[in-house]
Amino acid sequence: AELELSKTGWLLDITKLKLGKNIGEGEFGAVHEGHYMGQRVAVKTIKCDVTAQAFLQETTVMTKLQHKNLVRLLGVILHKGLHIVTELMTKGNLVNFLRTRGRSVVHSVQLLRFALDVCEGMEYLESKKLIHRDLAARNVLVSDDSVAKVSDFGLTKVDSKESDNAKLPVKWTAPEALKKEKFSTKSDVWSYGVLLWEIFSYGRQPYPKMSLKEVKEKVEGGYRMQAPDDCPPGVYSLMRMCWEPEPRRRPAFHKLREKLEREMGKLSPG
Ligand code: ADP
């Protein structure tokens with residue numbers, strides 16, 4: 001994988017990287033802001049060698065993906081572990097963005113804009129037949145000009161390959177994926193429904209006050225979250241479509257995008 005990357009220009013030069021302050025903690029290491037040849041970047045460091053090898057394989061997937069609603073990979077640096085260099089998303093993850101600003105600052109047109117951004121990013125992954133497996137508002141980042149972009153795609157396949165059920169994000173994972181490890185674009189659609197709920201509840205934790213065990217059992221039995229306060233009915237009906245028990249009956253991302261565009265038309269005519 002190392003040779004592959006250097007051949008294709010994805011291997012970056014450590015001497016051209018200027019590291020700045022810490023801006024986040026990832027599961028496998030810290031995230032720093034920085035500059036690479038004048039461009040503002042985010043640098044995720046993976047210290048563990050074994051994990052780094054696995055990540056390196058997955059960044060090969062990332063190199064093939066380019067879309068305005070996917071966080072762009074600039075390349076990797078191999079130096080005391082692995083550094084993954086991506087575009088800097090100055091407004092941080094979507095959960096914090098919505099929680100810190102709230103209803104008085106972020107209005108429903110902006111919420112719908114975020115929903116559409118994520119949907120378009122996922123439509124692109126769908127067209128490439130790639131499954132995200134960990135779609136959630138915490139994995140959506142917000143750019144300086146307030147565009148929402150999906151992140152952590154490709155990478156997440158690393159741990160789900162080991163089918164470590166204990167690690168699955170239960171509140172976001174479709175029932176068939178939890179029970180039978182049946183991941184598909186349609187299980188991503190289920191997660192997208194939960195993400196919609198997070199957006200329209202301004203970054204609340206889904207299934208408030210319910211334990212993971214309770215969520216698993218109740219959702220299997222047909223329980224679904226209620227609409228967030230002031231959520232447009234049309235948007236809530238989309239969530240319910242995403243949460244159809246039968247994966248085939250859930251809408252594809254391109255259908256969801258059309259429906260969201262219609263909702264946008266109702267909110268901001270013309
Ligand atoms: P992990 O998936 O390993 O838990 P993340 O990729 O989610 O780690 O990164 C952790 C945090 O670091 C994010 O929630 C976000 O606040 C910040 N972060 C990650 N990537 C970027 C980026 N490209 N631009 C700005 N902040 C980022």
Side-chain angles (χ1 to χ4, degrees), residues 10 12 17-59 61-63 65-77 81-101 114 117-118 121 125 130-162 164 166-173 188 191 194-195 198-199 202-206:
W10 291 97
L12 306 180
L17 178 73
K18 285 191 183 66
L19 270 186
K21 69 167 200 280
N22 182 307
I23 50 166
E25 255 350 287
E27 200 188 326
F28 305 102
V31 181
H32 287 260
E33 64 174 31
H35 286 266
Y36 190 82
M37 293 175 66
Q39 189 182 345
R40 296 182 80 189
V41 296
V43 184
K44 195 173 183 174
T45 300
I46 288 129
K47 293 225 171 70
C48 169
D49 246 25
V50 179
T51 315
Q53 279 306 318
F55 268 91
L56 202 51
Q57 304 263 311
E58 292 304 325
T59 47
V61 178
M62 271 180 95
T63 60
L65 303 175
Q66 280 196 46
H67 188 269
K68 67 176 175 65
N69 299 113
L70 299 185
V71 173
R72 202 163 67 85
L73 175 78
L74 298 177
V76 301
I77 294 171
L82 173 70
H83 305 267
I84 299 173
V85 183
T86 61
E87 64 175 312
L88 182 67
M89 302 291 283
T90 56
K91 291 180 177 166
N93 75 56
L94 188 55
V95 176
N96 290 340
F97 182 97
L98 295 171
R99 281 189 191 165
T100 54
R101 288 164 182 84
F114 285 145
D117 284 344
V118 175
L125 286 189
L130 283 168
I131 308 165
H132 190 295
R133 290 178 165 91
D134 194 12
L135 184 61
R138 63 179 174 279
N139 287 332
V140 172
L141 301 174
V142 184
S143 72
D144 212 34
D145 49 357
S146 294
V147 174
K149 307 189 185 196
V150 178
S151 107
D152 275 358
F153 48 92
L155 301 187
T156 48
K157 266 183 270 172
V158 175
D159 39 0
S160 55
K161 225 186 288 173
E162 269 86 77
D164 187 352
K167 272 195 165 178
L168 288 177
V170 172
K171 289 184 171 184
W172 284 264
T173 306
D188 276 351
S191 309
V194 180
L195 196 155
E198 292 182 276
I199 292 176
Y202 289 85
R204 278 185 82 188
Q205 169 79 16

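One-based numbering, in listed order, for ligands and for the atoms of each.
- Not a single donor-acceptor pair under 3.5 Å links the side chain of Asn93 to the backbone N or O of Ala137.
- The option from Ser151, Ala42, Gly92, Ala136 that lies nearest to atom 22 (C) of ligand 1, judged by heavy atoms, is Ala42.
- The ligand atoms of ligand 1 that sit less than 4.0 angstrom from a heavy atom of Gly24 are 12 (O).
- The shortest N or O to N or O distance between Asp152 and ligand 1 is below 3.5 Å.
- Looking only at protein heavy atoms, the nearest one to atom 17 (C) of ligand 1 is Ile23 O, 4.1 Å.
- Of the protein's heavy atoms, Val31 CG1, 3.8 Å lies nearest to atom 18 (N) of ligand 1.
- Put simply, CE on Met89 and CZ on Arg40 are 12.5 Å apart, with the number rounded to the nearest 0.5 Å.
- Between Ser151 and His132, the shortest heavy-atom distance links the atoms O-NE2, 2.9 Å.
- Partner of His83 under the side-chain contact (heavy atoms from CB on, under 4.5 Å) criterion, out of Thr45, Leu19, Leu17, Val41: Thr45 alone.
- Side-chain N/O atoms of Ser146 and Lys91 include a donor and acceptor closer than 3.5 Å.
- Each of Thr86, Leu12, Leu82 was checked for a side-chain contact (heavy atoms from CB on, under 4.5 Å) with Val76, and the lone residue meeting it is Leu82.
- Here the protein heavy atom with the shortest distance to atom 24 (N) of ligand 1 is Met89 N, 2.9 Å.
- In this structure, atom 8 (O) of ligand 1 lies nearest to the protein heavy atom Gly26 CA, 3.2 Å.
- Protein heavy atom nearest atom 4 (O) of ligand 1, with residue, atom name and distance: Glu27 N, 3.0 Å.
- Among protein heavy atoms, the minimum distance from atom 16 (O) of ligand 1 is reached at Asn93 ND2, 3.7 Å.
- Listed by number with element, the atoms of ligand 1 under 4.0 angstrom from any heavy atom of Glu25 are 10 (C).
- If you look at Leu141 next to ligand 1, the close heavy atoms, those under 4.0 Å, all belong to the side chain.
- Contact atoms of ligand 1 toward Thr86: 23 (N) (distance under 4.0 Å to a heavy atom of the residue).
- Around atom NZ of Lys68, more than 12 heavy atoms belonging to other residues, nucleotides or ligands sit under 6.0 Å away.
- Within the 4.0 Å heavy-atom shell around ligand 1 one finds Glu87.
- Counting heavy atoms under 4.0 Å from ligand 1, residue Lys44 touches it through the side chain alone.
- Between Ser191 and the options Thr173, Leu135, Asn139, a side-chain contact (heavy atoms from CB on, under 4.5 Å) holds for only Leu135.
- Here the closest heavy-atom approach between residue Leu98 and residue Glu198 is recorded as CD1-O, 4.2 Å.
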